[in-house]
Amino acid sequence: MVYRILSITWANFPVHYALWMLMVYLTDVWKLKLTDAAAIVNVFLGFQAIPQSFLLFSAHGLFGNYPVLLGSIFACCVGMGFLTMSTPPVLAKATGTCSAYQPECIGEGQRILFYIALALSALGAAGQAVSFPSFLVEQLGENANPPSIWFLQCVAVILFKAAAVLGFSYISPWSLWFGVPAICYTVAAFIFLSGSCTYKYVKPEGSPITTLFRVLAASISKLFYQLPTDASQLYNVSDRNRQYVPHTNGLRFLDKAAIILPGQTLEQQLRNRWRLCSIAEIEVTKFAIRTFPMSMTFILGGGL
């Protein structure tokens with residue numbers, strides 16, 4: 001079972017190597033300027049970070065790690081297949097274009113496939129980043145990172161880099177540059193799926209992102225209630241499991257989620273987690289909202 005799961009990790013090495021060559025492909029075949037090619041690659045790398053929050057919420061709060069991981073694997077397979085098909089020789093007859101690696105041989109269909117391939121590959125990479133580590137822990141428990149697995153990963157990295165230097169350097173057609181990793185990843189996907197009957201399926205236990213949506217929902221539901229002048233009248237939690245978080249005055253609208261309604265007891269209101277949130281949960285949400293504009297700029301720097 002371990003080798004079926006790790007086959008996806010090992011197959012990602014040639015896929016990443018192929019994606020690293022996008023800059024060369026865009027400058028040599030599409031004849032783009034270096035700045036234009038770098039902009040496309042940076043947007044592609046930055047896009048990998050944008051869906052991770054939603055996918056993390058889907059994996060931990062809605063569907064579980066396995067469905068999200070399975071969907072990301074499928075997205076990567078299709079993305080690498082589209083990337084291979086976007087090279088001029090593959091669809092030359094179907095599109096009525098020439099088969100040379102020249103800009104005039106790249107039709108509108110190839111360009112559309114290329115950009116769809118980048119989007120699917122980025123989506124698949126984001127899904128694996130948030131679901132694969134948790135899925136591995138679910139299957140192996142405390143033995144998720146034993147020395148034998150680390151040794152096999154190191155050997156796989158060394159062998160792949162040696163093959164990339166010695167073998168890939170002699171591959172001139174770009175259709176093979178992208179096609180060989182696509183085949184490797186597809187084979188690894190079938191190996192991973194072959195062990196589906198032996199995997200443990202853990203129900204989602206909730207995501208930190210759920211807290212953000214709960215605070216927003218509770219704030220909107222109490223839109224017409226007035227905030228108390230004393231913040232100590234808001235609901236807060238202080239026990240050994242939850243650390244007391246001080247209240248801040250920014251984004252005061254969200255504080256309405258902690259208003260304790262007068263017509264019901266606190267125990268009754270705590271039963272509906274979407275109507276009452278603590279100050280600690282509200283402050284976490286405030287922090288996430290404050291950092292969101294800054295995180296959106298990461299796309300320009302390739303998600304770094």
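Everything quoted here is computed from the prediction, not taken from an experiment.
Atom CE of residue Met23 and atom CG of residue Asp28 lie 11.5 Å apart, to the nearest 0.5 angstrom. Rounded to the nearest 0.5 angstrom, Arg271 CZ and Thr265 OG1 are separated by 7.0 Å.
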For residues 116-126, please give each side-chain donor-acceptor pair under 3.5 Å, one per line with the distance, not counting sequence neighbours.
| residue | atom | partner | partner atom | Å |
| --- | --- | --- | --- | --- |
| Ser121 | OG | Ala117 | O | 2.8 |

Donor-acceptor pairs are to be reported for all side-chain atoms of residues 69-88 against protein atoms at under 3.5 Å, with residues two or more places apart or in another chain.
| residue | atom | partner | partner atom | Å |
| --- | --- | --- | --- | --- |
| Ser72 | OG | Val68 | O | 3.3 |
| Ser72 | OG | Leu69 | O | 2.7 |
| Thr84 | OG1 | Met80 | O | 2.9 |
| Thr84 | OG1 | Phe178 | O | 3.2 |
| Thr84 | OG1 | Gly179 | N | 3.4 |
| Ser86 | OG | Leu83 | O | 2.6 |
| Thr87 | OG1 | Thr84 | O | 2.6 |

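Not less than 6.0 angstrom separates the ring centroid of Tyr101 from the ring centroid of Tyr25. Ring centroids of Tyr66 and Phe132 are separated by 6.0 Å or more, keeping the two rings apart.
Within 6.0 Å of atom OH in Tyr201, more than 12 heavy atoms from other residues, nucleotides or ligands are found, so the atom counts as buried in its surroundings. For CZ of Phe253, the number of neighbouring non-hydrogen atoms (other residues, nucleotides, ligands) closer than 6.0 Å is greater than 12. Annotation: Gln226, atom CD; neighbour count of heavy atoms from other residues, nucleotides and ligands within 6.0 Å does not exceed 12. Taking a 6.0 Å sphere around NZ of Lys31, one finds it holds more than 12 heavy atoms contributed by other residues, nucleotides or ligands.
Applying the ring pair (Phe, Tyr, Trp, His ring centres under 6.0 Å) test to Phe63 and every residue at least two apart in sequence or in another chain returns nothing. For Arg252, the salt bridge (Lys or Arg N to Asp or Glu O under 4.0 Å) partners two or more places apart in sequence, or in a different chain, are Asp255. Annotation: salt bridge (Lys or Arg N to Asp or Glu O under 4.0 Å) contacts of Arg214 (sequence neighbours excluded): Glu281.
Applying the disulfide bond (SG atoms under 2.5 Å apart) test to residues at least two apart or on different chains, the pairs with a partner in residues 87-122 are Cys98-Cys105.
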- [ ] Output, in order, the C-alpha distance, side-chain angles, deciding distance and verdict of salt bridge (charged side-chain N to carboxylate O under 4.0 Å, His left out) for Arg111 and Glu108.
- [x] CA-CA 5 Å; Arg111 293 180 183 274; Glu108 190 66 23; 5.1 Å; no
